[in-house]
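Convention: sequence-line order gives letters A, B, ...; per-chain numbering from 1. Quick caveat: nothing in here was measured; it's all calculated off a predicted structure.
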Amino acid sequence: MTVRVEVRSIHPTAGQHIVREAAKLGVYGVKRCEVVRLYFLERDPGDEAVERLCRLLLADPVTDVWRIVREAGVVAPKPPMLGTQALHVIEVAFRPGVTDVPARELRRSMAEIGLPDCETATGVRYELEGELTEAELRRLAQLLLCNETVQHFALGEIAVHFGHETMAGERVEIIPVRDLDDAALQALSKARLLSLDLDEMRVIQRHYMELGRDPTDVELETLAQTWSEHCVHKTFKARVEFIHRNADGSVRSQETIDGLIHRYLRAATDAVRPEWLRSAFVDNAGIIAFDDQYDLAFKVETHNHPSALEPFGGANTGVGGVVRDIIGVSARPIATTNVLCFGPQDFPYGQLPEGVLHPARIAEGVIAGIGDYGNKLGLPTVNGAILYDEGYLGNPLVFCGCAGLLPHGKHPTRAQKGDLIVVIGGRTGRDGIHGATFSSTELTHETGEIAGSAVQIGDPITEKGLIELVEAARERGLYNAITDCGAGGFSSAIGEMGEALGIDVDLCNAPLKYPGLAPWEIWISEAQERMVLAVPPEKLPKLQQLAELWEVELSVLGRFTGDGDLVVRFNDRVVAQLSMHFLHHGLPRRTLRAEYQEPPPAQPLPEAGVELKFPGMDLNDVLLAMLGHPSIASKEHVVRTYDHEVRGGTIVRPFVGPALDGPADAAVLKPLGTWQHDQAFVLSNGINPLIGRIDPYAMAISAVDEAVRNAVAVGADPDRIAILDNFCWGNPTYPDRLGALVRACQGCYDAALAYRTPFISGKDSLYNEFNGKPIPGTLLISAIGIAPDVRACVTSALKTPGNRLYLLGETKVELGGSLLNALLGEQSGAPPSMPQKPLERYRALHRAMRNGLVRACHDLSEGGLAVAVAEMCIAGRLGAVIHLDALIESADVESLIIPLLFSESNGRLLVEVAETDAVTFEAFFAGQTLTRVGVVVEEPRLSVVVNGAAIIDLQVEQLVKAWKGQ
Amino acid sequence: MKPSILILHASGVNRDAEAAHACELAGGAPEIVHINQLRCGERKLTDYPMLLLPGGFSYGDALGAGVRLALDLQVYFHDQLHDFIDRGRLVLGICNGFQALVKAGVLPGVRADRSAAGLRPIEEMALRRVTLTENASGRFECRWVHLAVNRRAKASFLRAIEDLIFCPVAHGEGNFQVKDAEMLAEIEQEGLVTFRYVDAEGRPANGVYPLNPNGSVADIAGICNRRGNVVGLMPHPEDHILPIQNPLGRAGQLGLTIFRAMVAAL
């Protein structure tokens with residue numbers, strides 16, 4: 001008989017949040033809500049035992065009360081039922097097969113206190129007080145309390161599914177492909193979620209015709225995973241027929257591009273290739289030199305589609321996945337980053353397309369998922385951004401980054417013939433099947449129903465064990481190669497590792513979460529927290545010993561054979577036999593068409609545009625509106641839920657200044673274990689989809705400049721910065737989407753050469769469309785740089801009244817894609833362009849910093865000079881006076897006020913310098929545009945003055961309030 | 001010779017390396033030991049003058065913060081640990097380590113009550129009258145706080161710390177609460193409060209957020225046992241052991257002073 005335990009807090013707090021959120025959904029009847037934790041035991045161990053379990057483990061003796069419920073009825077103690085009238089109940093539990101860590105820990109704990117073993121499960125009970133209809137309760141359950149992708153609910157007591165499930169396993173199907181016509185081939189690809197196009201299906205068909213047999217399901221799935229966009233980047237490797245048109249439609253140029261990665265991204269790296277570059281594009285993460293002992297690895301991934309369906313789990317496993325990329329280069333993960341793009345948080349529920357979670361719910365889940373995983377792994381989350389745009393309504397973007405530290409030369413990458421194929425970490429289940437191919441599918445309102453199995457919830461504590469075990473194994477040289485199990489699961493990880501050698505594995509050696517998985521499911525499952533190692537047989541006992549100490553499950557799946565075949569067995573029976581050559585080289589190269597038409601020439605912003613748009617609104621109002629804009633405003637409520645201090649090495653944090661709440665340009669990190677010297681490293685990012693809407697080439701230039709400029713602003717050496725690209729784009733088989741992508745890649749190439757920043761890694765996430773509408777093409781550039789002296793790092797907070805403020809760089813009339821235009825609903829204006837000699841400028845600034853001449857520094861980005869100086873005032877809680885007249889010589893200052901304040905020209909920074917250092921400081925910038933624009937003042941007031949009259953005049957407290965949304 | 005300090009690692013513990021760094025700077029000789037090494041006898045608690053339970057999310061805090069680790073302490077190490085404490089050796093629990101010591105009934109300690117009631121040792125987990133529960137904000141929060149040492153604390157070695165301590169908190173369940181007013185009175189009167197949340201000038205936080213970041217009763221950030229040799233606190237002094245870690249860029253108020261005071265008392 002099943003036992004059910006209900007635990008409730010005597011100081012309930014969680015329910016208030018639900019009452020508020022219910023009202024946002026238009027359900028006003030909820031007067032009160034109480035949240036009750038539920039635990040289920042499949043078998044009843046007896047009264048005394050269950051009571052002991054409650055007393056010792058499930059209920060806190062100070063804050064909780066509990067009761068035990070059996071089918072036979074309620075057992076004492078009686079609950080203090082707090083309400084009396086109209087009590088409605090919604091109960092939520094996980095679907096079978098979804099990771100339920102509390103249930104697992106409960107089971108282990110029961111063993112520790114001597115209770116008999118049995119299956120366990122957990123759930124949540126919501127007791128709602130108030131007059132509510134059944135329709136309203138369902139609405140609350142579906143939109144607020146339960147995500148049906150991974151959970152199920154009941155109005156009343158729920159029937160839980162215990163961990164195991166039964167389904168016909170072990171069966172291997174032969175899929176007849178040889179007799180299929182084109183339509184049937186395409187139908188097969190669609191029905192099995194293979195995401196292979198007709199050409200690819202035909203190549204497979206031809207291959208099996210030559211072999212004189214049909215493929216097994218395991219073989220077909222292996223090919224689909226290995227050939228997926230996610231695993232081989234078909235689009236970025238495809239030949240592209242590109243036509244570049246002028247605004248009038250005439251052809252400007254026409255060319256055949258021999259692969260976007262090859263032609264632009266790798267080409268840029270090859271052209272720059274500094275001596276400190278250790279590894280670019282070849283491994284799970286890019287690697288640069290740190291000091292004479294250590295290297296740094298950096299990788300950024302996206303987890304967009306899973307996050308759209310199950311925000312918590314999607315973001316959770318997004319962090320887990322990128323952390324494993326870092327473990328996969330034998331590095332110790334030491335910091336994480338994230339950049340998030342959501343739909344508007346106040347989007348009306350009534351207008352939400354069918355099948356779309358509300359952007360506020362997506363944001364809440366994603367942020368909780370990131371915090372949960374990073375905090376539990378003990379990794380500081382140090383850098384990021386959050387952007388809001390209607391374009392991300394049905395398809396949010398979740399970029400997760402991770403940096404790691406590894407001893408130089410300690411990352412082995414060559415499996416040897418005879419090495420054992422060892423899998424460590426989590427067990428394999430039916431979760432995460434078809435993630436790799438699902439990511440190449442456009443989202444529609446039905447996606448949630450058909451791809452539910454592609455979404456998972458992570459288990460950071462198991463991943464933490466992997467970090468410890470791999471580090472210990474690396475120190476002792478126990479493996480010859482390592483990779484993570486990401487997209488495509490074993491099939492991709494083992495298939496890639498064994499490409500040169502061939503492999504022979506038996507899937508019945510893989511530990512499973514529950515019985516009944518078909519061989520193909522085991523083989524492609526993307527269950528989280530698993531790594532694969534190539535281990536020489538004689539080193540296995542030592543590795544097993546370490547795995548036992550760190551409580552990491554280890555199993556030997558097979559070996560590297562040397563015969564060049566991929567052989568997969570199940571209980572000795574061969575279920576797949578494929579030539580590695582066909583698997584890795586059989587994929588036909590795509591040829592894609594791309595077209596890009598230049599936008600009509602930029603129209604100058606109508607004079608006094610602000611006045612026209614918002615009569616009576618003055619520049620003070622505009623600046624305050626900008627500071628309060630969701631994309632600019634303080635993200636403190638989010639960032640404080642991430643641990644940014646763990647490991648003790650975060651020196652420039654997300655928040656700076658005396659009130660510890662001002663915005664930082666970038667993070668400076670000092671890795672634990674390297675305190676014997678003063679070198680640190682910097683993480684920053686650049687992203688601006690608003691510019692991309694006008695001109696993707698300009699977006700790429702701006703993103704690279706922003707990432708580099710932010711890194712330099714805190715103290716990175718501009719000659720030691722490497723960058724990563726992450727493209728999130730629509731369906732590239734449409735020539736217009738791909739044409740814009742080509743332009744962005746061209747921008748990446750030109751910018752990388754201008755800034756001498758090699759790309760060390762990158763990732764593309766394509767097919768980001770919802771019901772046929774693409775997201776705004778979005779490029780994230782993430783930068784990692786070396787700060788030679790952690791003591792010379794600089795923050796954006798103003799420091800001392802009387803100090804001078806300099807503007808470095810030229811301000812051009814570049815309002816296209818600017819925040820001002822977004823506020824005005826304007827499309828006109830030229831987007832920001834490449835600055836003059838940007839690298840020389842940043843080098844000069846860096847030299848000035850190294851000489852201790854820079855007291856504060858902040859980059860100019862969204863909102864231009866006005867927002868930048870306001871943010872410096874906010875961070876420093878000091879005032880400033882800015883003289884716009886200093887920026888132009890012409891008498892025509894008045895007509896240029898708007899661009900001077902709000903233009904978003906690249907390559908600009910505001911710098912605070914002590915009066916006594918001014919001459920020395922200026923000497924560093926011969927040949928550069930450096931303008932003394934103002935002064936720091938004691939009175940907390942920001943004034944911007946033109947011809948002696950203040951056009952902006954605000955108290956710093958007003959700026960703080962607008963920015964912090966108070 | 002430098003006194004050795006056992007830093008206990010269990011699955012999900014993650015601030016062990018920083019704690020080791022802090023112990024080292026304070027003049028100790030830290031060793032990170034996995035709980036399984038203690039269980040199998042490869043390392044012995046009694047070989048060390050001090051035990052440190054660092055921060056993290058032991059076993060994912062899956063049944064509440066520190067509960068599973070507390071269970072381990074009770075089930076596998078009850079007698080060893082109490083013997084260690086009875087000998088007057090020092091124990092420091094930080095964040096998750098503090099949560100585990102509280103949930104195990106070690107801090108401020110209920111062994112006498114349990115013996116008197118004739119119950120099995122493990123019942124100490126249920127007899128405790130203090131807890132660390134969900135932050136009043138309902139969220140995990142990471143922010144820097146000021147702490148003042150209670151000069152009347154039983155952990156008298158902490159009196160060596162003259163300055164305030166400035167260091168971060170990073171937790172979701174750091175809200176110190178008591179079963180009833182008598183328990184609070186007992187803790188106060190017996191000098192069991194070691195650290196309180198204060199403002200930058202050392203004035204009581206008076207429950208005001210974010211000076212008191214989690215809603216703890218009487219601004220309590222840390223407590224000790226009646227003998228004064230077991231200390232636990234929620235904030236992370238191990239993350240402010242060098243002046244350059246101070247986000248305000250000032251000298252002093254180092255968390256290192258706690259480690260120094262403890263090492264000096266060994």
Novice: Could you check which of B:M125, B:R128, B:R139 has the highest count of heavy-atom pairs closer than 4.5 Å to chain A?
Specialist: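 Counting heavy-atom pairs under 4.5 Å, the top option is B:R128.
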Novice: A:K464 side chain to B:S11 main-chain N or O, any donor-acceptor pair under 3.5 Å?
Specialist: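 Pair absent, no side-chain N/O of A:K464 close to backbone of B:S11.
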Novice: Counting heavy-atom pairs under 4.5 Å with chain A, which one of B:E134, B:R143, B:E141, B:H171 comes out on top?
Specialist: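 The option with the most such pairs is B:R143.
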Novice: Between A:E551, A:K376, A:R55, which residue shows the highest count of heavy-atom pairs closer than 4.5 Å to chain B?
Specialist: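 Heavy-atom pair counts peak at A:K376.
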Novice: Please look at A:R653 and chain B and tell me whether the side chain, the backbone, both or neither of the residue comes under 4.5 angstrom of a heavy atom of that chain.
Specialist: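 Interface part for A:R653: side chain.
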Novice: Answer with side chain, backbone, both or neither: which region of B:E123 has an atom nearer than 4.5 Å to a non-hydrogen atom of chain A?
Specialist: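 Backbone plus side chain of B:E123, per the 4.5 Å heavy-atom cut-off to chain A.
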Novice: Please report the shortest heavy-atom distance between B:I122 and A:L56, naming the atom on each side.
Specialist: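 Heavy atoms only, the tightest pair is O-CD2, 3.4 Å.
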Novice: Between A:V790 and chain B, which part of the residue has a heavy atom less than 4.5 Å away: side chain, backbone, both or neither?
Specialist: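 For A:V790, the contact with chain B is made by backbone and side chain together.
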Novice: Based on non-hydrogen pairs under 4.5 Å, which of B:M183, B:Q74, B:R120, B:H240 is most in contact with chain A?
Specialist: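 Among the listed options, the one with the most contacts to chain A is B:R120.
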Novice: What closest approach, in Å, do A:L660 and B:P247 show between heavy atoms, and which atom pair accounts for it?
Specialist: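 Scanning both residues, the minimum pair turns out to be CD2-CB, 3.5 Å.
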Novice: Under 4.5 Å heavy-atom distance to chain B, tell me which part of A:W675 shows up: side chain, backbone, both or neither.
Specialist: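 Contact with chain B involves the side chain of A:W675 alone.
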Novice: Quick check for you: among B:C142, B:G172, B:A17, which has the greatest number of heavy-atom pairs under 4.5 Å with chain A?
Specialist: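 That would be B:C142.
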Novice: What distance separates A:I461 CD1 from B:N14 CG, expressed to the nearest 0.5 Å?
Specialist: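 Output value for this atom pair is 7.5 Å.
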Novice: Find the one option among A:R52, A:R108, A:K670 whose heavy-atom pairs under 4.5 Å with chain B are most numerous.
Specialist: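 The residue among A:R52, A:R108, A:K670 with the greatest pair count is A:R52.
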Novice: So how far is it from A:E548 CD to B:N36 CG, rounded to the nearest 0.5 Å?
Specialist: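 These two atoms lie 8.5 Å from each other.
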Novice: When rounded to the nearest 0.5 angstrom, what distance separates OG1 in A:T63 from CG in B:N175?
Specialist: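 That separation rounds to 9.5 Å.
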Novice: Does any non-hydrogen side-chain atom of A:I113 lie less than 4.5 Å from one of B:L71?
Specialist: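 The answer is yes, as the side chains (C-beta and beyond) meet within the 4.5 Å cut-off.
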Novice: Report which part of B:L242 has an atom under 4.5 Å of a heavy atom belonging to chain A: side chain, backbone, both, or neither.
Specialist: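 Interface part for B:L242: side chain.
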Novice: Need one label for A:L377: side chain, backbone, both or neither, based on atoms under 4.5 Å from any heavy atom in chain B.
Specialist: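 Just the backbone, heavy atoms under 4.5 Å.
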Novice: Of the non-hydrogen atoms in B:R68 and A:S109, which two are nearest, and what is the gap between them?
Specialist: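 Shortest heavy-atom contact: CD-OG, 2.7 Å.
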Novice: Side chain, backbone, both or neither: which part of B:H21 has a heavy atom under 4.5 Å from chain A?
Specialist: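 Just the side chain, heavy atoms under 4.5 Å.
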Novice: If I measure from the heavy atoms of chain A, does B:T133 come under 4.5 Å with its side chain, its backbone, both, or neither?
Specialist: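 Interface part for B:T133: side chain.
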Novice: Would you mind checking which part of A:L549 comes under 4.5 Å of any heavy atom in chain B, side chain (CB onward), backbone (N, CA, C, O), both or neither?
Specialist: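 When you check distances to chain B, atoms from both the backbone and side chain of A:L549 fall under 4.5 Å.
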Novice: For chain A, which of B:G64, B:A200, B:A62 has the most heavy-atom pairs under 4.5 Å?
Specialist: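 Most heavy-atom pairs within the cutoff with chain A belong to B:A62.
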Novice: Side chain, backbone, both or neither: which part of A:Y642 has a non-hydrogen atom closer than 4.5 Å to chain B?
Specialist: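 A:Y642 touches chain B through backbone heavy atoms alone.
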Novice: In terms of heavy-atom proximity below 4.5 Å to chain A, should B:D180 be classed as side chain, backbone, both, or neither?
Specialist: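 Neither part; nothing is under 4.5 Å.
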Novice: Heavy atoms only, distances under 4.5 angstrom: which of A:G378, A:G648, A:P658 has the most pairs with chain B? Name it, please.
Specialist: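 Going by pairs under 4.5 Å, I would pick A:G648.
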Novice: Are A:E645 and B:R15 side-chain neighbours, meaning at least one heavy-atom pair lies under 4.5 Å?
Specialist: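 Yes, close enough: below the 4.5 Å cut-off.
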Novice: Which bit of B:H9 is near chain A, if near means a heavy-atom gap under 4.5 Å: side chain, backbone, both or neither?
Specialist: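 Contact with chain A is through the side chain of B:H9 alone.
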Novice: Heavy-atom pairs under 4.5 Å with chain A - which of B:V67, B:D239, B:V169 has more of them than the others?
Specialist: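 Most heavy-atom pairs within the cutoff with chain A belong to B:D239.
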Novice: What residue in A:L379, A:V552, A:V646, A:I651 has the most heavy-atom pairs under 4.5 Å with chain B?
Specialist: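 Among A:L379, A:V552, A:V646, A:I651, the one with the most close pairs to chain B is A:V646.
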Novice: Hey, could you give me the CG/CG distance between A:L57 and B:L63, rounded to the nearest 0.5 Å?
Specialist: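 Between A:L57 CG and B:L63 CG, I get 6.0 Å after rounding to 0.5 Å.
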Novice: Measure distances from A:R791 to the heavy atoms of chain B and classify the residue's part below 4.5 Å as side chain, backbone, both or neither.
Specialist: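 Both backbone and side chain.
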Novice: Identify which part of A:N375 has an atom lying under 4.5 Å from any heavy atom of chain B, answering side chain, backbone, both or neither.
Specialist: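 Looking at A:N375, backbone and side chain both touch chain B.
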